[in-house]
J.: 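Okay, here's the structure, questions in a sec.
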Amino acid sequence: MPSLGRQVDALVGYISQPDAQLEPYVGTVPLVLADRGLDSSRHALVHIDTATGIRAGLEHLVGLGHRRIGLIDCECVTAPMVRHRTFLEVVGEHALPVDEGWTVMGEQSQAGGAAAFEALYAAHPDLTAVVAFNDLVALGALRATRRLGVRVQDDCALVGYDGLSVVDLVDPPSTTLHLDKRRLGNWPSTKSTGSSRANCRLRSS
């Protein structure tokens with residue numbers, strides 16, 4: 001971080017360490033902390049409204065007629081279990097025939113996504129849609145669908161999270177909950193300290 005700080009006017013990062021640990025490395029470079037669970041008196045904070053984003057993705061699937069929806073979740077320091085809680089809230093509100101058994105924990109990797117999808121599909125072969133922790137996990141789940149002979153979009157819808165550009169390169173293109181990273185990058189130029197909230201929007205390919 002010190003060498004990077006000498007090359008840029010500001011830094012934006014997903015960093016979970018407290019301010020005291022950051023100061024020796026940051027110096028005077030403006031720093032924006034994205035989705036950190038801790039408050040800060042020195043740096044700008046951007047809180048990612050994950051719950052609203054996951055809710056939007058689930059409501060989208062329900063609106064398309066899906067009722068047997070699964071969730072691939074992962075450990076998250078900044079927003080622990082928020083996807084899991086939101087999932088149970090939404091399926092309960094719509095009286096969907098699913099419960100906590102339709103959620104699977106996995107590693108934040110393509111391999112983790114693949115393994116989690118295989119476990120979810122083995123337990124519930126009648127599922128018609130899956131929401132993944134993020135796009136990387138969703139790409140792993142996509143690999144698993146091909147091994148299992150499950151046709152994405154036809155047999156099972158797949159929704160990721162983050163809005164990575166790589167999801168446009170896969171076939172079929174993935175649906176993702178898009179986080180506006182450009183807006184995160186513009187934050188240092190508008191405010192050096194304080195707190196803001198960033199939302200996700202659904203991007204369907």
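Numbering of residues begins at 1 and proceeds along the displayed sequence.
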J.: Of all the heavy-atom pairs spanning Ala119 and Val104, show the shortest one and how long it is.
T.: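 Minimum heavy-atom contact is CB-CG1, 4.4 Å.
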
J.: Establish whether Leu120 and Leu139 are linked, either directly or via other cluster members, by ILVMFWY side-chain heavy-atom contacts under 4.5 Å.
T.: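 In one cluster: yes.
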
J.: Can you give me the closest heavy-atom contact between Met105 and Glu75, atom names plus distance?
T.: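 Reported closest heavy-atom pair: CE-N, 3.6 Å.
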
J.: Please report the interatomic distance CZ(Arg146) to CG(Asp171), rounded to the nearest 0.5 Å.
T.: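 One finds 6.5 Å between CZ of Arg146 and CG of Asp171.
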
J.: First locate atom CG of Leu142, then atom CG of Asp135, and finally report the distance between them rounded to the nearest 0.5 Å.
T.: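 Interatomic distance, Leu142 CG to Asp135 CG, rounded to 0.5 Å: 11.5 Å.
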
J.: Does Val131 reach the side chain of Ile72, with side-chain heavy atoms less than 4.5 Å apart?
T.: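 The answer is no; the side chains never approach within 4.5 Å.
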
J.: His66 side chain to Thr128 main-chain N or O, any donor-acceptor pair under 3.5 Å?
T.: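 Here the side-chain-to-backbone pair exists.
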
J.: Which heavy atom in Ala132 sits nearest to a heavy atom in Val137, and how many Å separate them?
T.: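 Heavy atoms of Ala132 and Val137 come nearest at CB-CG1, 4.1 Å.
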
J.: Determine whether Tyr161 and Thr50 satisfy the following criterion, side-chain hydrogen bond (donor to acceptor under 3.5 Å, both in side chains), listing intermediate values before the conclusion.
T.: CA-CA 9 Å; Tyr161 182 97; Thr50 302; 3.1 Å; yes

J.: Please check this pair: side chain of Gln108 against backbone of Cys74, looking for a donor-acceptor N/O pair closer than 3.5 Å.
T.: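 No: the side chain of Gln108 does not pair with the backbone of Cys74.
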
J.: Would you kindly confirm whether Val150 and Trp102 end up in one hydrophobic cluster when ILVMFWY residues are joined by side chain heavy atoms under 4.5 Å apart?
T.: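 Result: yes, single cluster for both.
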
J.: Quick one: closest heavy-atom pair of Ala116 and Gly106, and the distance?
T.: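 Reported closest heavy-atom pair: CB-CA, 4.4 Å.
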
J.: Compare all side-chain heavy atoms of Leu136 with those of Gln110 and state whether any distance is below 4.5 angstrom.
T.: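 In short, these two side chains touch, coming nearer than 4.5 Å.
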
J.: Going by side chain to side chain contact (heavy atoms under 4.5 Å, CB included), name the residues that satisfy it together with Ala51, two or more places apart in sequence or in a different chain.
T.: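 Here the qualifying residues are Asp49, Val82, Thr86.
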
J.: To the nearest 0.5 Å, what is the distance between CG on Leu61 and CZ on Arg68?
T.: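 One gets 13.0 Å once the value is rounded to the nearest 0.5 Å.
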
J.: Donor-acceptor pair, His60 side chain versus Val159 backbone, under 3.5 Å?
T.: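 It does not hold such a pair.
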
J.: Calculate, to the nearest 0.5 Å, the distance between atoms CG and OG1 belonging to Asp162 and Thr176 respectively.
T.: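 So the gap between those two atoms works out to 6.5 Å.
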
J.: Compare every heavy atom of Gln153 with every heavy atom of Pro172, then report the nearest pair and how far apart it is.
T.: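 Between these two residues, the closest heavy atoms are CB-NE2, 3.7 Å.
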
J.: To the nearest 0.5 Å, what is the distance between CD on Glu93 and CG on Leu88?
T.: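 With rounding to 0.5 Å, CD (Glu93) is 11.0 Å from CG (Leu88).
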
J.: Within a reach of under 6.0 Å around CD of Glu89, are more than 12 heavy atoms found that belong to other residues, nucleotides or ligands?
T.: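 Yes, the 6.0 Å shell around CD holds more than 12 heavy atoms from other groups.
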
J.: Identify which one of Thr145, Leu127, Ile69 satisfies the side chain to side chain contact (heavy atoms under 4.5 Å, CB included) criterion when paired with Cys156.
T.: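 Result for side chain to side chain contact (heavy atoms under 4.5 Å, CB included) with Cys156: Leu127.
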
J.: Ring of Phe117, cation from Arg143 - is the NZ or CZ under 6.0 Å from the centre and inside 45° of the axis?
T.: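 Judged by the rule, Arg143 and Phe117 form no cation-pi pair.
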
J.: Looking only at side chains, do Asp73 and Thr103 share a donor and an acceptor under 3.5 Å apart?
T.: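 No pair is found: no donor N or O on one side chain lies under 3.5 Å from an acceptor on the other.
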
J.: Check whether Leu71 and Val98 end up in the same hydrophobic cluster, where Ile, Leu, Val, Met, Phe, Trp and Tyr are linked by side-chain heavy atoms less than 4.5 Å apart.
T.: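 In one cluster: yes.
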
J.: According to salt bridge (charged side-chain N to carboxylate O under 4.0 Å, His left out), does anything in residues 99-114 pair up with another residue at least two apart or in another chain? List the pairs.
T.: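 Qualifying pairs, neighbours excluded: none.
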
J.: Could you tell me whether the side chain of Arg67 reaches within less than 4.5 Å of the side chain of His94, counting heavy atoms only?
T.: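 With C-beta onward as the side chain, the pair stays apart.
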
